[in-house]
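Position 1 is the first residue of the sequence; numbering continues from there. All values below were derived from every heavy atom in this structure, side-chain atoms included, with hydrogens, water molecules and symmetry-related copies excluded. For ligands, and for the atoms within them, numbers begin at 1 and follow the listed sequence.
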Amino acid sequence: MKQYLKHDPWKIIEEGFSPEYNRISESVFSLGNGRMGQRATFEEDYSGDTHQGSYVAGVYYPDKTRVGWWKNGYPEYFAKVLNAPSWIDIKITIDGEVLDLAKGKVASFRRELDMQSGLLTRTFTLTMNSGKQVSVEAKRFCSMADGEVGAIRYTITPLNFSGQIEIELPVDADVVNKDSNYDEKFWLEIYKAATAEHAMVIAETKKTAFQVCTGMTYSVLQNKTAVQVEGNAFTKEKYASVAFTLNVKAQEEVCIEKLAVVLSSENYKKENLAGACEKKLVNVKKEGFSKLFEAHKTNWLKRWEGADITIEGDIAAQQGIRFNIFQLMQTYTGEDERLNIGPKGFTGEKYGGSTYWDTEAYCLPFYLGTAEEKVARNLLVYRHKHLQRAIENAAKLGFTNGAALYPMVTMNGEECHNEWEITFEEIHRNGAIAYGIYDYIRYTGDESYLVQYGLEVLIAISRFWAQRVNWSADKHKYVMLGVTGPNEYENNVNNNWYTNLLAVWTLEYTQQALESVKRQDQKAFETLAKRISFNESEETSKWMDIRTNIYLPEDTIRGVFLQQDGFLDKELLTVSQLRKEDRPLNQKWSWDRILRSCFIKQADVLQGMYFFEERFTHDELKRNFDFYEPMTVHESSLSPCVHVILASVLGYKEKAYEMYLRTSRLDLDDYNNDTEDGCHITSMAGTWMSVVKGFGGMRVRDGKLHFNPFIPDQWKSYSFKLEFRGRVIQVNVSKGSTDIKVISGDPLEIIVGEEKALA
Ligand code: BGC
């Protein structure tokens with residue numbers, strides 16, 4: 001855990017230059033706008049430790065898998081979100097000396113991310129090795145108003161000298177992925193051009209043939225007056241640039257606006273990319289940094305209006321929640337059903353930027369609560385689009401009859417996770433995709449989704465479960481062998497309670513969905529049944545048999561559900577018995593030791609109790625929480641939020657608060673010692689759930705909104721808004737009072753605690 005960032009309600013602030021934390025800050029101060037994103041690497045050259053990262057949504061590379069011993073069914077590749085051509089560089093040379101924060105003496109340094117307006121500002125004063133002193137202010141944003149535009153205003157002031165500054169403004173497509181399996185470069189050059197006015201490179205990904213056109217234009221102000229410079233255009237392989245030299249006087253500032261346009265062949269015909277980019281560059285130049293920023297800021301303010309959560313009395317908690325919301329909003333805007341939310345968003349390479357079960361299990365509620373219905377719907381449609389691939393994926397493993405196994409990790413619907421324990425065994429993800437459909441309909445009431453897309457997905461997933469279980473003559477029950485549950489610190493276990501439960505729940509929900517579709521549109525049902533050769537009576541009676549006879553391991557003496565058959569054979573220790581030096585286990589212990597231990601990476605049985613809360617009594621929840629939580633190391637970012645929600649139900653206020661801080665400040669305080677790889681974007685949605693579902697106790701039951709709020713002792717008040725079925729609900733909770741009202745849309749019956757009221 002590190003605490004070098006200042007607490008502030010709207011800003012993330014780093015004071016002083018700490019090269020050892022630079023990669024962490026590059027992740028934390030990342031910017032994005034749903035279409036592209038950028039780690040907070042420096043504009044000028046930096047020879048110190050850094051991890052360059054520019055990303056374009058949906059653009060990936062299938063990097064050939066690296067495994068020791070190939071097994072049938074392994075995915076051929078691991079999809080990687082690509083480090084895309086860089087548009088941010090501003091190379092500065094002063095009287096022949098390169099400006100570089102790693103060379104010389106940094107007198108002051110400050111990085112500030114204003115989350116309200118999505119603006120990153122970095123200021124520093126450097127005494128270069130020659131003794132020349134300069135101060136720099138760099139401001140940049142990725143426009144929320146136009147997802148294809150990024151802008152930088154870079155101001156440099158010579159403090160103690162007059163001289164010559166050479167400035168170079170490149171577009172650089174000669175970039176690499178640090179996680180490349182074979183040290184390969186993934187981009188090919190298609191086109192490049194540079195004039196005195198602008199520079200542009202079109203690069204194409206190998207194998208996937210995505211093209212990205214990155215262009216930049218610029219303007220220069222000296223002493224606040226626009227100047228015409230003589231731009232010297234030049235190109236080299238995968239690189240196009242404009243350079244110019246200025247004579248500067250001491251204390252007179254030079255300001256460069258570098259405006260970038262990033263276009264993807266996902267949205268343009270390849271042959272039109274260069275033309276469209278050129279046109280757009282002319283437009284952005286006309287607008288200039290200030291106007292572009294105004295539009296960007298207005299867009300952010302509007303988003304905050306609906307999605308902000310305020311916390312009074314606790315700045316660390318306030319900053320934490322806003323940071324999480326900020327990152328979520330800049331990662332996925334929901335306009336494009338081909339896109340999804342990678343666990344690291346646009347903040348790093350880890351996890352390949354691909355889609356995981358995180359989307360349905362954690363992110364969906366955030367977008368349901370803070371955006372119009374279509375945003376969450378697009379996330380579901382994304383999976384429907386991948387259904388055929390999920391069926392092929394299951395077929396590769398030997399499943400038949402249209403059974404679908406959605407991938408653990410995917411970019412285009414194909415499985416691309418290359419650890420066998422996860423690819424073949426962590427099949428609970430299939431249930432999360434079914435649960436996502438249920439969750440969406442529960443919240444929105446939009447049953448028509450089942451007719452159009454949902455039922456087809458549910459039947460395919462149910463077909464998978466029906467084949468994945470087998471009858472145990474010994475137990476006289478259906479069992480599910482050789483799985484990995486959400487707790488990845490156990491592999492190849494039998495009868496993971498969570499997976500078995502999710503499987504039979506899917507069978508049950510598919511049956512209900514089937515009835516709903518028949519009611520809504522019998523003809524549509526018949527057409528679907530014919531198209532997918534669905535033998536209703538035969539298949540559903542098998543499902544019913546499995547539902548009735550599933551084995552769900554349980555310890556009746558302790559009164560707890562068992563994470564898996566062999567769990568009680570383990571030495572049952574608690575996290576409090578671990579030494580500090582042992583944590584985090586995944587960095588300190590051998591995998592063998594982890595697998596044999598009782599320590600739990602993330603909610604597993606408790607994940608099931610969270611999903612299906614209404615099926616369990618308060619006592620059952622308490623017994624299971626009390627049993628499992630002390631063994632949980634929360635080494636997945638997805639863990640603490642589930643515990644906040646359940647601890648809140650149980651009235652464990654302190655625990656709920658402890659877990660809340662952990663989830664909301666996970667990256668700001670680098671709890672898991674891994675923020676340098678990127679921020680934990682998907683778990684940020686869990687932070688939102690912690691407030692809304694945890695402290696606020698929000699649930700939707702039978703189409704009605706329920707709240708059961710409490711306020712952590714450390715807070716004076718908190719408030720949030722929710723989009724719900726065409727209305728906006730405002731929730732204010734302070735010590736001793738709760739105020740919930742509809743602030744837009746028709747009145748609504750809302751249940752607070754046990755009381756019903758019209759709001
Ligand atoms: C977690 C998974 C999760 C993945 C991506 C892993 O550490 O155990 O549940 O899907 O990270 O966030």
Original post:
What do you reckon, are the aromatic ring centroids of F625 and Y652 less than 6.0 Å apart?
Top reply: yes

Original post:
Considering only the protein, which heavy-atom contact is closest to atom 6 (C) of ligand 1, and what is its distance?
Top reply: K601 NZ, 3.5 Å

**OP:** Mind checking whether H680 contacts ligand 1 via backbone (N, CA, C, O), side chain (CB onward), both or neither, at a 4.0 Å heavy-atom cut-off?
**Re:** neither

Subject >> Electrostatic pair R389-E415, nearest N-O below 4.0 angstrom >> reply: no

**OP:** For L638, take its heavy atoms, then give the atoms of ligand 1 lying under 4.0 Å from any of them.
**Re:** 3 (C), 9 (O)

Subject >> Electrostatic pair R23:E676 at N-O distance under 4.0 angstrom >> reply: no

Original post:
With S648, which residues qualify under side chain to side chain contact (heavy atoms under 4.5 Å, CB included), at least two apart?
Top reply: V644, A656, F695, F710

**OP:** Please list, chain by chain and in numerical order, all residues satisfying salt bridge (Lys or Arg N to Asp or Glu O under 4.0 Å) with E337, sequence neighbours excluded.
**Re:** K385

Subject >> Closest approach of any protein heavy atom to atom 3 (C) of ligand 1, naming residue and atom >> reply: D358 OD1, 3.5 Å

Subject >> Option among Y498, F612, Y406 that satisfies the ring pair (Phe, Tyr, Trp, His ring centres under 6.0 Å) test with Y435 >> reply: F612

**OP:** Considering the heavy atoms of Q602, write down every atom of ligand 1 situated less than 4.0 Å from one of them.
**Re:** 1 (C), 8 (O), 9 (O)

Original post:
What atoms of ligand 1 come closer than 4.0 angstrom to any heavy atom of Y351?
Top reply: 5 (C), 6 (C), 7 (O), 11 (O)

Subject >> Contacting atoms of ligand 1, where contact means under 4.0 angstrom from a heavy atom of W357 >> reply: 2 (C), 3 (C), 9 (O), 10 (O)

Original post:
Considering distance alone, does some N or O of Y356 sit under 3.5 Å from an N or O of ligand 1?
Top reply: no

